[in-house]
Amino acid sequence: EAWERLQQRDVGIVITDWMMPGIDGIDLCKMIRSGGFPWYVYTILLTSRMDKADLLTGLEAGADDFVGKPFSPAELRARVRNGHRIYSLERDLRKKNLELEQSYNSLQRVHDRLTGDLQAAAWLQQRLLPPTPKTLMGYRFDALFIPCHFVAGDIFNFFPISEDHIAFFMVDVSGHGVASAMLSLSISKIITSAPLMETFRGLSLQANLSTVVALEALNRVFESNNEIMGKYFTMVLGTLEKSTGLCRFTLAGHPYPVFIPANGKPEFVGRSGSPIGLLSEVELEESSVVLAPGDRILLYSDGMTECAASSGEAFGPDRLMRCICDPETPLDEIMKRSALNLFRFHGSDRFDDDVSLLIFERME
């Protein structure tokens, strides 16, 4: 009869005798503990069997407290009040656990939506990167892109701007996450939207326009909004001439490109300048190098050279040079080798910064 009532009502405290007809108190305690109730049932066992062996039997059966016979009502009330405190604590804990579960489910739904949005943004960012490997106007291109999160603050591209010229750029926005990725996409959109026309405050990538002028125009645009965005970016912007192999480029706080001659040792080239969007006036200087057939240039973000091993040691420019130094190795193999060496050095495929490499070679 007691067991039937327990299954019909939310009972928090049970006072039971040990000796009962049909099912005794020990069996009832065992049934309560194995009953799978969503709440805790505090059980007090009334018994005249108070020796140590009997108490152990009761505890093993699941009894929480004992009252010896004959008992006084005052003692029983005290034991019930103690059980009620425990029952109340358990009930409050159960309520809070339910609230936490509901909050967790709500947060999980938000997390799933955000994850879906970030995956869509990552897909879009990947789509905006140029497909590689690719051959364009006598130059062969390949790239490596490893974002440290769903979306990256790095972005790069290359595209024709005349019958004899290709423009290229690489951007590395400060910080990480969505804000940096949105800014990198905005920069890419500005540069690639209409390269043959002055479309944004005089910004143009016509072949006869200095890359310094273009970067100064970019700086005027983004420096004025820096207080709102709190972001700046490093960048390399350049042009390639099909007929002569002339490569003109300007560095705005970006790592030095590596010139890899077909016959000779790789070397860093260019002159450093100010990042974009940080100061109202930037100091920039255009550099140039002429590519003979078979010569290459590598652009990279500092996520490559500053990638750290577990010891804290950085990957560094020397290791980068060793990855790319062989001019006979195909470009796609150089990208694969660079990624593999970086993974091995770091000990993981999860990086603290975005990694971008863009390499191009003048063909015969």
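As the structure is a computational prediction, the values presented were derived from the model and not from experiment.
- Shown here for Glu364 and Pro293, the closest heavy-atom pair between the two residues is OE1-CB, 3.6 Å.
- Defined by atom type and a distance below 3.5 Å, a donor-acceptor pair is present between the side-chain atoms of Tyr40 and Asp64.
- Note on Leu284 and Val236: same hydrophobic cluster, where clusters join Ile, Leu, Val, Met, Phe, Trp and Tyr whose side-chain heavy atoms are under 4.5 Å apart, directly or indirectly.
- For Arg337 (side chain) and Cys323 (main-chain N/O), a donor-acceptor pair under 3.5 Å exists by modelled atom type.
- To the nearest 0.5 Å, the span separating CG on Asp326 from CD1 on Ile334 amounts to 7.0 Å.
- If you take OG on Ser188 and CG on Leu129, they are separated by 8.0 Å, rounding to the nearest 0.5 Å.
- Centroid-to-centroid, the aromatic rings of Phe249 and Phe169 stay 6.0 Å apart or farther.
- Taking the side chain as every heavy atom from C-beta outward, Thr43 and Leu28 never approach each other to under 4.5 Å.
- Here CD1 of Ile26 is found 5.5 Å from CG of Leu45. Values are rounded to the nearest 0.5 Å.
- Side-chain contact of Asn82 with Arg85: a donor-acceptor pair under 3.5 Å is present, judged by distance alone.
- Here the two rings, on Tyr87 and Tyr42, have centers that are 6.0 Å apart or farther.
- Shown here for Phe259 and Val290, the closest heavy-atom pair between the two residues is CZ-O, 4.3 Å.
- Ser301 places no side-chain N or O within 3.5 Å of a backbone atom of Asp172 that could act as its donor or acceptor partner.
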- request: Test Glu313 against Arg319 for salt bridge (charged side-chain N to carboxylate O under 4.0 Å, His left out), laying out the working first.
  value: CA-CA 12 Å; Glu313 181 185 5; Arg319 288 186 177 87; 3.0 Å; yes
query: Could you go step by step and tell me if Leu342 and Phe315 meet the side-chain contact (heavy atoms from CB on, under 4.5 Å) rule?
result: CA-CA 8 Å; Leu342 196 64; Phe315 190 78; 3.7 Å; yes
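- A distance of 10.0 Å separates CG of Asp65 from CG of Leu46, quoted to the nearest 0.5 Å.
- When hydrophobic clusters are built by joining Ile, Leu, Val, Met, Phe, Trp and Tyr residues whose side-chain heavy atoms come closer than 4.5 Å, directly or via intermediates, Tyr256 is grouped together with Ile297.
- In this structure, Met321 and Pro266 approach most closely via the heavy-atom pair SD-CB, 3.6 Å.
- Looking only at side-chain heavy atoms (C-beta outward), Ile276 and Leu215 come within less than 4.5 Å of each other.
- The number of heavy atoms from other shown groups lying within 6.0 Å of CD (Glu163) does not exceed 12.
- A salt bridge does not link Asp164 with Lys242: none of the charged nitrogens is closer than 4.0 Å to a carboxylate oxygen.
- No hydrogens or angles considered: nothing links the side chains of Arg248 and Ser288 as a donor-acceptor pair under 3.5 Å.
- Between Glu286 and Val212, the shortest heavy-atom distance links the atoms N-CG2, 3.5 Å.
- The environment of Glu281 atom CD is sparse: at most 12 non-hydrogen atoms of other residues, nucleotides or ligands sit within 6.0 angstrom.
- Using a 4.5 Å heavy-atom threshold, the side chains of Cys307 and Phe351 count as touching.
- One N or O on the side chain of Arg33 and one on the backbone of Gly62 form a donor-acceptor pair closer than 3.5 Å.
- A continuous path of ILVMFWY side-chain contacts below 4.5 Å connects Phe268 to Val289, so both sit in one hydrophobic cluster.
- Within the 4.5 Å cutoff, side-chain heavy atoms of Leu136 are placed close to those of Pro160.
- More than 12 heavy-atom neighbours from other residues, nucleotides or ligands sit within 6.0 angstrom of CG on Asp10.
- Under the side-chain contact (heavy atoms from CB on, under 4.5 Å) test applied with Ile32, the options Val41, Val11, Thr16 reduce to a single match, Val41.
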task: Start with the C-alpha gap between Phe66 and Phe71, add the side-chain angles, then the distance that decides, and say whether ring-ring contact (aromatic ring centres under 6.0 Å, His included) holds.
output: CA-CA 10 Å; Phe66 300 87; Phe71 65 89; over 10 Å; no
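- Residues Leu331 and Arg296 have side chains in contact (heavy-atom distance under 4.5 Å, counting atoms from C-beta outward).
- Expressed to the nearest 0.5 Å, how far CD1 of Ile15 lies from CD1 of Ile44 amounts to 5.0 Å.
- For the side-chain contact (heavy atoms from CB on, under 4.5 Å) test, residues two or more places apart in sequence or in another chain that qualify with Leu98 are Glu101, Gln102.
- Among all heavy-atom pairs drawn from His254 and Thr234, the shortest one is ND1-OG1, 3.0 Å.
- Linking Ile, Leu, Val, Met, Phe, Trp and Tyr residues whenever their side-chain heavy atoms come within less than 4.5 Å leaves Ile13 and Leu89 in two separate clusters.
- Ring-plane geometry between Phe141 and Phe360 is classed as tilted, the angle between the planes lying from 30 to 60 degrees on a 0 to 90 degree scale.
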query: Hey, mind stepping through Leu6 and Phe37 against side-chain contact (heavy atoms from CB on, under 4.5 Å) and telling me if it holds?
result: CA-CA 9 Å; Leu6 281 169; Phe37 294 101; 4.1 Å; yes
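- Looking at His84, its side chain never comes within 3.5 Å of a backbone N or O of Ser88 through a donor-acceptor pair.
- At least one side-chain heavy atom of Met31 sits under 4.5 Å from a side-chain heavy atom of Ile23.
- Pairs engaging residues 131-143 under the side-chain hydrogen bond (donor to acceptor under 3.5 Å, both in side chains) rule: Arg140-Glu361 [sequence neighbours left out].
- Sparse packing is recorded around CD of Glu1, with 12 or fewer heavy atoms of other residues, nucleotides or ligands lying under 6.0 Å away.
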- request: Could you please spell out the steps behind the side-chain contact (heavy atoms from CB on, under 4.5 Å) verdict for Thr239 and Cys247?
  value: CA-CA 6 Å; Thr239 60; Cys247 176; over 6 Å; no
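- Rounding to the nearest 0.5 Å gives a distance of 13.0 Å between CE of Met304 and CG of Leu299.
- For the 3.5 Å distance criterion, the side chains of Thr244 and Glu241 qualify, holding a donor opposite an acceptor.
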- request: Decide yes or no on side-chain contact (heavy atoms from CB on, under 4.5 Å) for Val258 and Ile324, but give the supporting numbers first.
  value: CA-CA 9 Å; Val258 182; Ile324 63 171; 3.7 Å; yes
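- Between the side chains of Glu283 and Ser274, no donor-acceptor pair of N or O atoms lies under 3.5 Å.
- A salt bridge links Arg94 to Glu90: one of the charged nitrogens lies within less than 4.0 Å of a carboxylate oxygen.
- Looking at Asp51, its side chain does come within 3.5 Å of a backbone N or O of Asp54 through a donor-acceptor pair.
- By the rule that hydrophobic residues join a cluster once side-chain heavy atoms approach within less than 4.5 Å of another member, Leu240 and Phe159 end up as members of one cluster.
- Contact check for Glu216 versus Val282: side-chain heavy atoms found under the 4.5 Å cut-off.
- Side-chain contact check for Lys265 versus Cys325: every heavy-atom pair is 4.5 Å or farther apart.
- Shown here for Pro275 and Asn219, the closest heavy-atom pair between the two residues is O-OD1, 4.1 Å.
- Atom CE of Met19 sits in a sparse spot, with 12 or fewer heavy atoms from other residues, nucleotides or ligands closer than 6.0 Å.
- Both tests do not hold together for Arg91 against Trp39: distance to the six-membered ring centre under 6.0 Å, angle to the ring axis within 45°.
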